[in-house]
Asker: 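After the structure tokens below, expect a handful of questions from me.
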Amino acid sequence: MKEHLPSLVTLLAVLLMFGTAFAVGRARGRYGIVAPATSGHPAFERAFRVQMNTLEAVLLFLPTLWLAATYGFAFWAGIAGLVWLVGRAWYALAYLQEAGKRGGGFVLGMAGWLAALLMASVGLGRAIIVG
Amino acid sequence: MKEHLPSLVTLLAVLLMFGTAFAVGRARGRYGIVAPATSGHPAFERAFRVQMNTLEAVLLFLPTLWLAATYGFAFWAGIAGLVWLVGRAWYALAYLQEAGKRGGGFVLGMAGWLAALLMASVGLGRAIIVG
Amino acid sequence: MKEHLPSLVTLLAVLLMFGTAFAVGRARGRYGIVAPATSGHPAFERAFRVQMNTLEAVLLFLPTLWLAATYGFAFWAGIAGLVWLVGRAWYALAYLQEAGKRGGGFVLGMAGWLAALLMASVGLGRAIIVG
């Protein structure tokens, strides 16, 4: 199980991205925002920003996760990934309601990423020095 | 050949992203949309949305593809990837002409992704249970 | 060291993305652009475009880098990655000042990517033909 945790986190991150894309599609229908427009109603704009911010966060997180996993921290990077996932899901759900509520989830997601970044840096630095 | 199919799909996905970025650059020139603006002419806005939607789709697809490939479905995930590529290329070319034409390619791309997602889930679930 | 170069480039690419996201957050505060808005001041809009263009570039580059590294060019793909990083950092810093200054870094980043793309294509083509 332990060594598959980064893969599980990756699969759940993919589902989180899909969920935020789905919310944009639903908001397009509900508020009558016809593509290619990406503005026109505050709730649609929040859904759209949630999707884009989630993509940004995934693009920061997945490479960091896999570096940490490759360089000796598969289990703990996976745990950091679960923290990150909880933070990002909380962020998405709160921001969809109101932009001002996105702080808590953002901070938790950032903490998960920073933990994985520390592991990736330590693991890679050790590998480069030891040779 | 079989085991290199996910790599080939990845390379083609990179070229697809490049093609959609190129279309945005060309539309910037043709319609006189000076950076950092991302609006001002419907054809430019369609090109821009095609690029962004392609990025979103790639970010959903590549991690799913590689999970499926890692967990025992390299060949069939590669086949799903070819289906996905055809769908996404069709989507891009149709959407560049007219937003209303993007449905068919979107559905085909989604089918390719869902097939890869099923393989990734089955493969990972099996690995976790078997240990 | 040599075989860890693609990992080091990946870690630095993650930090580059973080830097451009940080610049957006700072510009939000400085120019009073309240989320979910993504326009309202030219300097904010430049910061936002820098972040998005960096994401696009990373999404083109990292899969190419890792294909090249996997198919026999770990060291030289890493060198191309360092060139790409210098180009993309230059692009970001110049574009934050003025959109018209983004050309040089863009071209250098593109050169690094094209070099890695050539390696990935040659390496993968060779693996498919040799079998």
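Quick note on labels: first sequence line is chain A, next is B, and so on, each numbered from 1.
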Asker: Distance-only, no hydrogens or angles: does the A:R88 side chain make a donor-acceptor pair with backbone N or O of A:G109 under 3.5 Å?
Answerer: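 Side chain of A:R88 to backbone of A:G109: no pair is present.
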Asker: With a 4.5 angstrom heavy-atom cut-off, is it the side chain or the backbone of C:T54 that approaches chain A, or both, or neither?
Answerer: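 Looking at C:T54, nothing touches chain A.
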Asker: Restricting to ring-ring contact (aromatic ring centres under 6.0 Å, His included), what partner residues turn up for A:F106, sequence neighbours left out?
Answerer: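 Applying ring-ring contact (aromatic ring centres under 6.0 Å, His included) to A:F106 gives none.
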Asker: Measure A:S121 against the heavy atoms of chain C and call it side chain, backbone, both or neither at under 4.5 Å.
Answerer: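 For A:S121, heavy atoms of backbone and side chain both lie under 4.5 Å from chain C.
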Asker: If I compare all heavy atoms of C:V50 with all of C:A92, which pair ends up nearest, and what's the gap?
Answerer: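 Distance-wise, the nearest heavy atoms are CG1-CB, 3.7 Å.
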Asker: Got a donor-acceptor contact below 3.5 angstrom from the A:R28 side chain to the A:A37 backbone?
Answerer: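 It does hold such a pair.
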Asker: Would you mind telling me which of A:E56, A:E45, A:R46 has the largest number of heavy-atom pairs within less than 4.5 Å of chain C?
Answerer: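 Looking at each option in turn, the highest pair count goes to A:E56.
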Asker: If I measure from the heavy atoms of chain C, does A:F48 come under 4.5 Å with its side chain, its backbone, both, or neither?
Answerer: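 A:F48 has no heavy atom closer than 4.5 Å to chain C.
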Asker: Using non-hydrogen atoms only, which part of A:L124 is less than 4.5 Å away from chain C: side chain, backbone, both, or neither?
Answerer: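 It is the side chain, since no backbone atom gets that close.
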Asker: Contact part of C:A35 toward chain A, heavy-atom cut-off under 4.5 Å: side chain, backbone, both or neither?
Answerer: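 C:A35 touches chain A through backbone and side-chain heavy atoms alike.
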Asker: Should the ring pair C:F22 and C:F18 be called parallel, tilted or perpendicular, given that the plane angle runs from 0 to 90° and is split at 30 and 60?
Answerer: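 Correct class here is tilted.
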Asker: Given side chains that start at C-beta, do those of A:W84 and A:L108 come closer than 4.5 Å, heavy atoms only?
Answerer: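 A side-chain contact is absent here, since even the closest heavy-atom pair is not under 4.5 Å.
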Asker: Where does A:F61 contact chain C at under 4.5 Å (heavy atoms): side chain, backbone, both or neither?
Answerer: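 It is neither, since no heavy atom gets under 4.5 Å.
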Asker: Where does C:L5 contact chain A at under 4.5 Å (heavy atoms): side chain, backbone, both or neither?
Answerer: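 C:L5 has no heavy atom closer than 4.5 Å to chain A.
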Asker: Do C:T10 and A:W66 have side chains that approach each other closer than 4.5 Å (heavy atoms only, starting at C-beta)?
Answerer: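 Contact flag for C:T10/A:W66 side chains = no.
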Asker: Could you look at A:L67 and say if it's the side chain, the backbone, both or neither that has a heavy atom under 4.5 Å from chain C?
Answerer: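 A:L67 touches chain C through side-chain heavy atoms alone.
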